[in-house]
Amino acid sequence: MGVTGPIRVVVAKPGLDGHDRGAKVIARALRDAGMEVIYTGLHQTPEQIVGTAIQEDADAIGLSILSGAHNTLFAKVIELLKEREAEDIKVFGGGIIPEDDIAPLKELGVAELFTPGATTTEIVTWVNANVRQPAQT
């Protein structure tokens, strides 16, 4: 199934975190790199984020989490994608995520995590290299 056109990414700020500057910077960088970006705004629930991603036929969801609730929020988004049979939508994220939480989140199904100091170039390069890849057979 050959998908054409630009990569579509939903960029979201789940939970109560009110700091969206980083998410907006990432959204702009992805857009400048030729991707279609749907920015959901602040205070989105995992249900709203997954619903938007499915409705918008997104290839990936990028979550920005600075609130400390990353374990719960990533887990809920991945669980909802499974429930809605949309596991082909890759989930990546960034924010204040302790080193000890990164491996368990990746085991849960988070494709990649970017911590403070990651550049927009790194993130754009990763999305281009890892989103919408052919399934391994």
Side-chain angles (χ1 to χ4, degrees):
M1 167 171 128
V3 181
T4 57
I7 294 172
R8 294 175 61 84
V9 182
V10 169
V11 175
K13 289 287 304 179
L16 301 176
D17 180 358
H19 301 277
D20 65 349
R21 192 169 137 216
K24 287 180 175 173
V25 167
I26 299 307
R28 190 172 306 114
L30 295 173
R31 193 173 293 127
D32 289 350
M35 297 176 208
E36 284 186 23
V37 178
I38 301 96
Y39 177 61
T40 63
L42 291 169
H43 310 303
Q44 296 291 295
T45 66
E47 290 80 3
Q48 289 170 314
I49 294 164
V50 168
T52 298
I54 291 169
Q55 185 179 336
E56 294 287 347
D57 198 23
D59 299 300
I61 296 172
L63 298 176
S64 171
I65 304 175
L66 304 173
S67 64
H70 47 272
N71 290 326
T72 308
L73 292 167
F74 276 115
K76 187 65 177 169
V77 167
I78 301 244
E79 177 189 318
L80 290 166
L81 286 170
K82 284 181 183 163
E83 281 176 16
R84 304 219 18 209
E85 297 180 356
E87 294 164 272
D88 57 323
I89 299 175
K90 288 208 172 162
V91 177
F92 67 97
I96 314 274
I97 299 165
E99 189 68 37
D100 291 349
D101 291 344
I102 291 176
L105 285 168
K106 286 188 173 182
E107 285 171 27
L108 194 67
V110 179
E112 189 57 86
L113 292 160
F114 299 94
T115 53
T119 66
T120 54
T121 305
E122 285 175 71
I123 297 168
V124 166
T125 300
W126 183 87
V127 171
N128 275 322
N130 293 282
V131 172
R132 206 194 270 170
Q133 295 301 300
Q136 303 297 320
T137 55

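Heavy atoms only: backbone and side chains are in, while hydrogens, waters and symmetry mates are out.
Other residues, nucleotides and ligands place no more than 12 heavy atoms under 6.0 Å from the CD atom of E99. The 12-atom threshold is not exceeded at NE2 of H19, counting heavy atoms of other residues, nucleotides or ligands nearer than 6.0 Å.
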Side-chain polar contacts of residues 113-124 - donor-acceptor pairs under 3.5 angstrom, sequence neighbours left out - could you list them?
residue : atom : partner : partner atom : Å
T119    : OG1  : E122    : N            : 3.0
T119    : OG1  : E122    : OE2          : 3.4
E122    : OE2  : T119    : N            : 2.9

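Note that CD of E56 and OG1 of T40 are 10.5 Å apart. Values are rounded to the nearest 0.5 Å. Between the CD atom in E47 and the CD atom in E83 there is a gap of 8.5 Å [rounded to 0.5 Å]. To the nearest 0.5 Å, atoms CG (L63) and CD1 (I97) are separated by 9.0 Å. Within the model, atoms NE2 of H70 and CD1 of I102 stand 8.5 Å from one another, a figure rounded to the nearest 0.5 Å. We find the NZ-CD distance between K13 and Q44 to be 11.5 Å, quoted to the nearest 0.5 Å. N71 CG to D101 CG: the interatomic distance, rounded to the nearest 0.5 Å, is 4.0 Å.
The hydrophobic clustering, which links ILVMFWY residues whose side-chain heavy atoms are closer than 4.5 Å, places V77 and L108 together. Residues V50 and V131 do not share a hydrophobic cluster, clusters being chains of Ile/Leu/Val/Met/Phe/Trp/Tyr side chains in contact below 4.5 Å.
Applying the side-chain hydrogen bond (donor to acceptor under 3.5 Å, both in side chains) definition to pairs two or more places apart or across chains, those involving residues 21-30 are D20-K24. Sorted by first and then second residue, the ring-ring contact (aromatic ring centres under 6.0 Å, His included) pairs with a member in residues 91-110 read F92-W126; sequence neighbours excluded.
Side-chain contact between L73 and P14 is present, with at least one heavy-atom pair separated by less than 4.5 Å. Considering only heavy atoms from C-beta on, R84 comes within 4.5 Å of I54 through its side chain. No side-chain heavy atom of V11 sits under 4.5 Å from any side-chain heavy atom of S64. Two residues are said to be in side-chain contact when any heavy atoms from C-beta on lie closer than 4.5 Å; V9 and I26 fail this criterion.
Using a cutoff of 4.0 Å between basic side-chain nitrogens and carboxylate oxygens, K90 and E112 are not scored as salt-bridged. Using a 4.0 Å cut-off between charged side-chain N and carboxylate O, K82 and E79 make no salt bridge.
Minimum interatomic distance between P46 and K76 (heavy atoms only, all atoms of both residues): CB-CG, 3.5 Å.
For the side chain to side chain contact (heavy atoms under 4.5 Å, CB included) with V10, the qualifying choice from I89, I38, V91, V37 is I38, the only one to do so.
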Take I61 and L81 through the test side-chain contact (heavy atoms from CB on, under 4.5 Å) and record every step on the way to the result.
CA-CA 10 Å; I61 296 172; L81 286 170; 4.2 Å; yes

